[in-house]
Amino acid sequence: MISQGTWARSALWPAVTALAYLLSAALGEALAFPSAPVSALWAPNAILFAALLLAPVNRWWLYLVAIFPCHVLAQVEDTPFSQIGIQYVVNCAEALISAAALLRLEAEPRRLGQLSAMTNLVLIGGIAAPLITSVAMAMAFVSLGLTDDFWLTVIARTSTNAFAAITVVPLIVHFAEAPGRGWRIPTRGMLLETSCIGVCLALVSVYVFVWPGIHDERAPALLYAPLPLLIWATVRYEIVGVCASVLLVGACATWGVVHEVGPFVVHSPVRNALTTVLFLNVMCIPLLMLAAVLQERKATVAEAVRRDQQLAHLSRVATLGEISGAVAHEIRQPLASMLANAEAAAALLQSGRADMASVKPIVADIIADNRRAAQVIRRMQSMLRFSQTDRKLEQLNDLVLETLALSRGDLHRRQVIAIQSLGDELPRVLADRVQIQQVILNLIVNACDAMEGIAPDQRRLWITTSARPRHGVELTVRDSGPGLDDAMLERIFDPFVSTKPTGLGLGLSISHKIIASHGGQLWAERSAGGGAIFRLILP
């Protein structure tokens, strides 16, 4: 059995939709053009369409039932019941056709930021469904004698329903889905920019569509005046910017036609009204397509960044896996020391000859060894953790020293002597700590791998940092290995290019991307004294 609470929750949104349907019908009547069967914004069908798009299919019938009394209440005055019934059926049919088609054609129909979803919304919800149902309604009206102008009924209803579908539905879907994405708190700059766009667009629209005496021979050119501001709103705020700004322009244009001023007051009232609505549709559709392309491109870029971060994380894990044996050995040493000290302390206590003077050094050694092991573990955890980019002002020398401490066991195992020469008073760099340490660790591990084929007593690794005036801070990693030939120098940062037989060839490619994303440079050179040199500059 379904509980009362579940029924209440199921009935809440249909009730809200019905109320919105009633209020939007009243608003549509108020926005009707004088002496014309056309409303500037007839939103009830668009509201029902959006509600069905957001609701589970098995609850659609609740919405259709809920809007019926509101539809009757909105149309009951001076309207034959047969007309009320026909309009209810075609309104429901329009919303059902639009929602069902989008669900059928799109895997994620609510993601109108995808070009395919927006195209289907415009073609089906904005053109096909209103046209089909308008033809059906006009045929019924003509057969019952409710109208004698078939094509006027079709064109008027199709254009007004299309405008509502392409402006109201995206807004409703956006704000309904916003809680799942997380609300973005607008910054002061964003609020200032939004206000600037809104005020400027309102002033231009009032001048073009409302100001008396403007609709002369200059009127066709003036119709393009709002376009730069509409594009600005589209580029900055995408679909929401398009819908909100076009509705603002539509309000001004409607005001002008109702008060018989502006560029559209040149023919009969019916033609003026239809021209206004068609103008708004033609202006809105390309902007919606542009907004969908921009939003889809932004999502693609964000997905590429996310995948790069995942790949960088996997590369970091693989690099740490290579030195894990040396790290484990480095942890075992303080653990063994702690165990020996603890056993010595226990023996003293058991013998009864323990005093404070003899126990204190033992406890101090245990604490020091514990801290040393904890630091190694903490460094490993930091490098293994997957997180979003977090850039802060960092001292490059600190990052180098921490990375050397992490790789100290591996350097000892490979019998590589690390020689460091770190510059004094270097300026700090804006960097993601873990990512830059990943790059440094990768360069160190690659240098050690390059020196596997030479005698242990010749294995040297030089790490230097210095300030580069007007460029930033430079890090240089040089090894005493065999070096790189010309062909490898050209391809060393390409994906899947490696000098190691078992290497994937991703470490340097990812490192290059990381440094580039920081606004820096990473390149390789041949050393005059033999070996390879890798230099990176961070601004």
Side-chain angles (χ1 to χ4, degrees), residues 27-43 46 122 126-127 130-131 134 149 151-168 170-171 195-237 239 241-291:
L27 177 63
E29 294 290 344
L31 294 176
F33 293 99
S35 306
V38 180
S39 174
L41 181 68
W42 184 256
V122 171
I127 298 176
L131 179 60
S134 296
D149 195 330
W151 288 112
L152 176 61
T153 303
V154 171
I155 296 172
R157 185 181 181 278
T158 300
S159 58
T160 54
N161 279 265
F163 181 61
I166 62 179
T167 54
V168 175
L171 283 178
S195 302
C196 181
I197 294 174
V199 170
C200 292
L201 187 59
L203 292 175
V204 171
S205 299
V206 167
Y207 178 75
V208 174
F209 301 108
V210 177
W211 202 266
I214 296 300
H215 50 287
D216 53 17
E217 66 277 1
R218 296 171 296 167
L222 285 174
L223 290 176
Y224 295 99
L227 189 58
L229 293 167
L230 291 170
I231 294 176
W232 184 7
T234 302
V235 171
R236 292 294 292 126
Y237 301 106
I239 293 173
V242 174
C243 297
S245 58
V246 171
L247 286 173
L248 177 58
V249 173
C252 294
T254 302
W255 179 276
V257 174
V258 169
H259 292 81
E260 298 184 352
V261 294
F264 299 117
V265 185
V266 291
H267 301 290
S268 64
V270 174
R271 189 170 177 182
N272 293 340
L274 290 176
T275 302
T276 303
V277 177
L278 289 173
F279 166 76
L280 295 172
N281 283 329
V282 171
M283 181 173 58
C284 184
I285 290 174
L287 293 174
L288 280 175
M289 296 301 178
L290 174 61

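The first residue of the sequence shown is numbered 1, and numbering continues consecutively from there.
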> Is the backbone of S159 close enough, under 3.5 Å, to the side chain of N281 for a donor and an acceptor to pair up by distance?
Replying inline: yes
At what distance, to the nearest 0.5 angstrom, does [atom1] of [X] lie from [atom2] of [Y]?
X	Y	atom1	atom2	result
S245	I231	OG	CD1	10.5 Å
T160	I155	OG1	CD1	11.5 Å
M289	I166	CE	CD1	9.0 Å
M283	L288	CE	CG	11.0 Å
L229	L248	CG	CG	10.0 Å
D149	W151	CG	CH2	10.5 Å

So which heavy atom on [X] is nearest to which on [Y], and how close?
X	Y	answer
A40	T254	CB-OG1, 3.1 Å
A46	A164	CB-O, 3.6 Å
L274	A156	CD2-CA, 3.6 Å
F264	N272	O-OD1, 2.7 Å
L230	L201	CD2-CD2, 4.1 Å
V168	A43	CG2-CB, 4.3 Å

Quick check: do [X] and [Y] have side-chain heavy atoms less than 4.5 Å from each other?
X	Y	value
L41	L247	yes
N161	W42	yes
C284	T167	yes

> Out of V265, V204, L223, which residue meets the side chain to side chain contact (heavy atoms under 4.5 Å, CB included) rule with F209?
Replying inline: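 The single option meeting the side chain to side chain contact (heavy atoms under 4.5 Å, CB included) with F209 is L223.
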> With a 3.5 Å cut-off and no angle check, do the side chains of S134 and T158 form a donor-acceptor pair?
Replying inline: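 Yes, a side-chain donor-acceptor pair sits under 3.5 Å.
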> With a cut-off of 6.0 Å (strictly less than), are more than 12 heavy atoms of other residues, nucleotides or ligands near CH2 of W255?
Replying inline: no
